[in-house]
*Asks:* 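Below you'll find the structure I mean.
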Amino acid sequence: QVQLVESGGGLVQPGGSRKLSCAVSGFTSGYYATGWFRQAPGKEREGIACSSTIDAESTSYADSVKGRFTVSRDSAKNIVYLQMSSLKPEDTAVYYCAADAAFVRLCFLFSKDGVEESDFSSWGQGTQVTVSP
């Protein structure tokens, strides 16, 4: 059974940084994509970043976070990180990590606004990030 456990949310001042973690377990093949999504109050869940185990260079970002957020992976620990910098109040949301083996070669869709919630079968519980003075 695939499980994802997130941590790292909290209150951050505008312009500040925060690092989220997503511990992934249960994939028998070791080949899967991990996506980061966020959902602000009253808005749809948005796919913002993706990393694939197939290739360390297989990361992709939505325009809304490109240049400010970075995805990295500790393969030995099966942990995926989302480093968020230059945070803005509009980044306030519940952040989720999700994983799916079928998406392992499709991370590029995050940069084309072509990903939906239903593309990922396993989800973490979400962690709140609030950007406020």
*Asks:* Only distances under 3.5 Å count here; give the side-chain donor-acceptor pairs of residues 23-31 to other protein atoms, sequence neighbours excluded, each with its distance to 0.1 Å.
*Replies:*
residue, atom, partner, partner atom, Å
Ser29, OG, Tyr31, N, 3.1

*Asks:* Answer yes or no: is there a side-chain heavy-atom contact under 4.5 Å between Leu82 and Ile48?
*Replies:* yes
*Asks:* Does Glu90 CD have over 12 foreign heavy atoms under 6.0 Å away?
*Replies:* yes
*Asks:* Roughly how far apart are Ser17 OG and Gln83 CD, rounded to 0.5 Å?
*Replies:* 5.5 Å
*Asks:* Out of curiosity, Lys19 NZ to Met84 CE, how far, rounded to the nearest 0.5 Å?
*Replies:* 11.5 Å
*Asks:* Would you say Thr92's side chain and Val131's backbone share a donor-acceptor pair under 3.5 angstrom?
*Replies:* yes
*Asks:* Let me confirm one number: the CG-CD1 distance from Leu106 to Ile54, rounded to the nearest 0.5 Å.
*Replies:* 11.0 Å
*Asks:* Quick test of your reading: applying side-chain hydrogen bond (donor to acceptor under 3.5 Å, both in side chains), list the pairs with at least one residue in residues 118-133, sequence neighbours left out, ordered by first then second residue.
*Replies:* Asp100-Ser121, Gln128-Thr130
*Asks:* Quick one: pull up OG in Ser21 and OH in Tyr81 and give me the separation to the nearest 0.5 Å.
*Replies:* 5.0 Å
*Asks:* With a 3.5 Å distance limit and no angle check, can you tell me whether Ser52 reaches the backbone of Arg105 through a side-chain donor-acceptor pair?
*Replies:* no
*Asks:* Check Cys22 against Thr34 and note the closest heavy-atom contact, atom names and distance.
*Replies:* SG-CG2, 4.5 Å
*Asks:* Provide the closest heavy-atom pair for Phe120 versus Ala33 in the form atom of the first, atom of the second, distance.
*Replies:* CE2-O, 3.8 Å
*Asks:* Specify the closest pair of heavy atoms between Arg18 and Gly9, including all atoms of both residues, with the distance to one decimal.
*Replies:* NH2-O, 2.9 Å
*Asks:* Distance from Arg38 atom CZ to Glu46 atom CD, nearest 0.5 Å?
*Replies:* 4.5 Å
*Asks:* Starting from Val129, can I reach Val94 by hopping between I/L/V/M/F/W/Y residues whose side chains sit under 4.5 Å apart?
*Replies:* no
*Asks:* Would you say Val104 ends up clustered with Val71 if hydrophobic residues are merged whenever their side chains have heavy atoms under 4.5 Å apart, either directly or through other cluster members?
*Replies:* no
*Asks:* Regarding Lys88 and Asp91, does a basic nitrogen lie under 4.0 Å from an acidic carboxylate oxygen?
*Replies:* no
*Asks:* Under 6.0 Å between ring centres, would you say that holds for Tyr95 and Phe37?
*Replies:* no
*Asks:* Side chains of Ser51 and Arg73 only: does a donor on one sit below 3.5 Å from an acceptor on the other?
*Replies:* yes
*Asks:* If you define the side chain from C-beta out and look only at heavy atoms, does anything of Tyr61 sit under 4.5 Å from Phe110?
*Replies:* no
*Asks:* Does a side-chain heavy-atom distance below 4.5 Å link Val115 with Phe103?
*Replies:* yes
*Asks:* Quick check for you: to the nearest 0.5 Å, what is the distance between Ser85 atom OG and Phe69 atom CZ?
*Replies:* 8.0 Å
*Asks:* Take atom CG in Asp74; do more than 12 heavy atoms of anything else shown fall under 6.0 Å from it?
*Replies:* yes
*Asks:* May I ask you to test the Tyr96-Leu4 pair for a side-chain heavy-atom distance under 4.5 Å?
*Replies:* no
